[in-house]
Amino acid sequence: MKDISEQDLKSNIPLASKKENTPKSRVTVGNHVIGGDQFIVIAGPCAVESESQIIEIAKEVKRLGASMLRGGAYKPLTFPYRNDRMFELGEEGLRYLHQAGKEAGLPVVTEVMDGRLVETVARWADMLQIGARNMQNFPLLIEVAKTKKPVLLKRHPGSSLRDWLGAAEYLLYHGNPNVVLCERGIVAPHTHDPTSRFLVDLEVVLAIREYSHLPVVVDPSHATFKRSYVGPVAKAALAIGADGIMVDVHPVPEKAAVDPLQALNYSAFRDLMLSLRKIAEAVGKTL
Ligand code: PEP
Ligand code: MN
């Protein structure tokens with residue numbers, strides 16, 4: 001939705017909006033720059049399940065060409081019940097994720113849901129993820145801004161670009177310039193599958209370029225919620241000019257503790273990377 005007025009650009013999102021000569025922002029995470037010539041591939045499981053699981057995945061996605069590792073230690077699960085099939089490891093998971101990133105040579109991104117845990121998560125992560133559900137949790141955004149760590153700000157499925165950039169403005173205004181936006185699907189009256197919940201808004205990448213200098217990545221996994229759609233949407237994200245993707249990868253996706261319908265196995269991820277390489281070449285990006 002084109003819902004941003006001239007007045008907004010001046011008064012409400014002066015920091016997130018683009019002036020005539022504002023260069024595109026580049027956000028450095030570890031040894032990678034998001035928003036430059038490289039198309040960033042952030043890969044890993046939805047949830048960190050064990051130390052050996054995350055180390056194995058980290059090494060494998062690194063070998064296949066990923067630039068960063070993802071993995072949730074604190075999960076915004078829809079229902080409160082946890083069991084040995086669906087769980088989150090909390091701080092233990094953060095330590096495993098950190099170790100895996102170190103062993104594989106990949107910077108790590110993970111979600112922080114609670115203002116009281118920002119310091120803890122920041123200790124172990126290279127980039128802090130604000131989940132879709134918390135996009136407008138302003139006290140959390142302010143705490144995260146204070147760390148000055150790179151932030152991956154996911155879009156709430158019901159939010160306009162105006163609201164999303166408003167949330168980014170909080171981070172910028174509170175002193176953190178290292179903001180990367182992440183499109184992960186919006187609510188629409190129709191989807192194309194009984195299990196899918198959102199539609200990917202690829203046009204928003206173009207709208208962001210029109211209004212803002214902030215980099216944007218697309219999460220085709222949480223957006224489609226459907227394994228067979230993930231690769232094609234990831235490729236479309238690169239073709240339309242996104243700065244990267246964040247994709248769920250799991251050795252046995254059907255057995256993933258969280259979100260088993262959307263993760264790619266290693267072989268599907270390898271095929272995706274091969275296609276992305278060709279597209280990157282065609283559009284003048286590196287991988
Ligand atoms: C995730 O990336 O693990 C996640 C929970 O995503 P979202 O906030 O987009 O639902
Ligand atoms: Mn998930």
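Whatever order the structure lists ligands and atoms in, that order sets their numbers, starting from 1. Predicted, not measured: the structure shown is a model, and the values here were computed from it.
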Requested in this report: Say whether Glu143 and His174, considering side chains only, have a donor N or O and an acceptor N or O under 3.5 Å apart.
Outcome: no
Requested in this report: Establish, from distance only, whether the side-chain atoms of Tyr74 and Gln129 form a donor-acceptor pair under 3.5 Å.
Outcome: no
Query - Partners passing ring-ring contact (aromatic ring centres under 6.0 Å, His included) against His98 (at least two apart in sequence or in another chain) - result: Trp124
Query raised in the report: Salt-bridged, Asp193 to Lys226, with N to O below 4.0 Å?
Result: yes
Query raised in the report: For the side chain of Lys148 and the backbone of Gly175, is there at least one donor-acceptor N/O pair under 3.5 Å apart?
Result: yes
Requested in this report: Rounded to the nearest 0.5 Å, what's the gap from CD on Glu183 to CG on Asp201? Could you check?
Outcome: 5.0 Å
Query raised in the report: Listing by chain and number, which residues have a heavy atom under 4.0 Å from ligand 1?
Result: Cys46, Arg70, Lys75, Pro76, Glu111, Gln129, Gly131, Ala132, Arg133, Lys154, Arg184, His222, Met246
Query raised in the report: Got a sec, which pairs hit side chain to side chain donor-acceptor pair (under 3.5 Å) with one end in residues 14-23, sequence neighbours left out?
Result: Ser17-Lys19
**Report entry** Verdict with reasoning, His32 to Gln38, per side chain to side chain donor-acceptor pair (under 3.5 Å)
**Finding:** CA-CA 8 Å; His32 292 284; Gln38 187 189 9; 3.0 Å; yes
Query raised in the report: Between Arg82 and Phe87, is NZ or CZ placed under 6.0 angstrom from the six-membered ring centre and within 45° of the ring axis?
Result: no
Report summary line: Protein-derived N, O or S atoms sitting under 2.8 Å away from the Mn ion (ligand 2) total 3
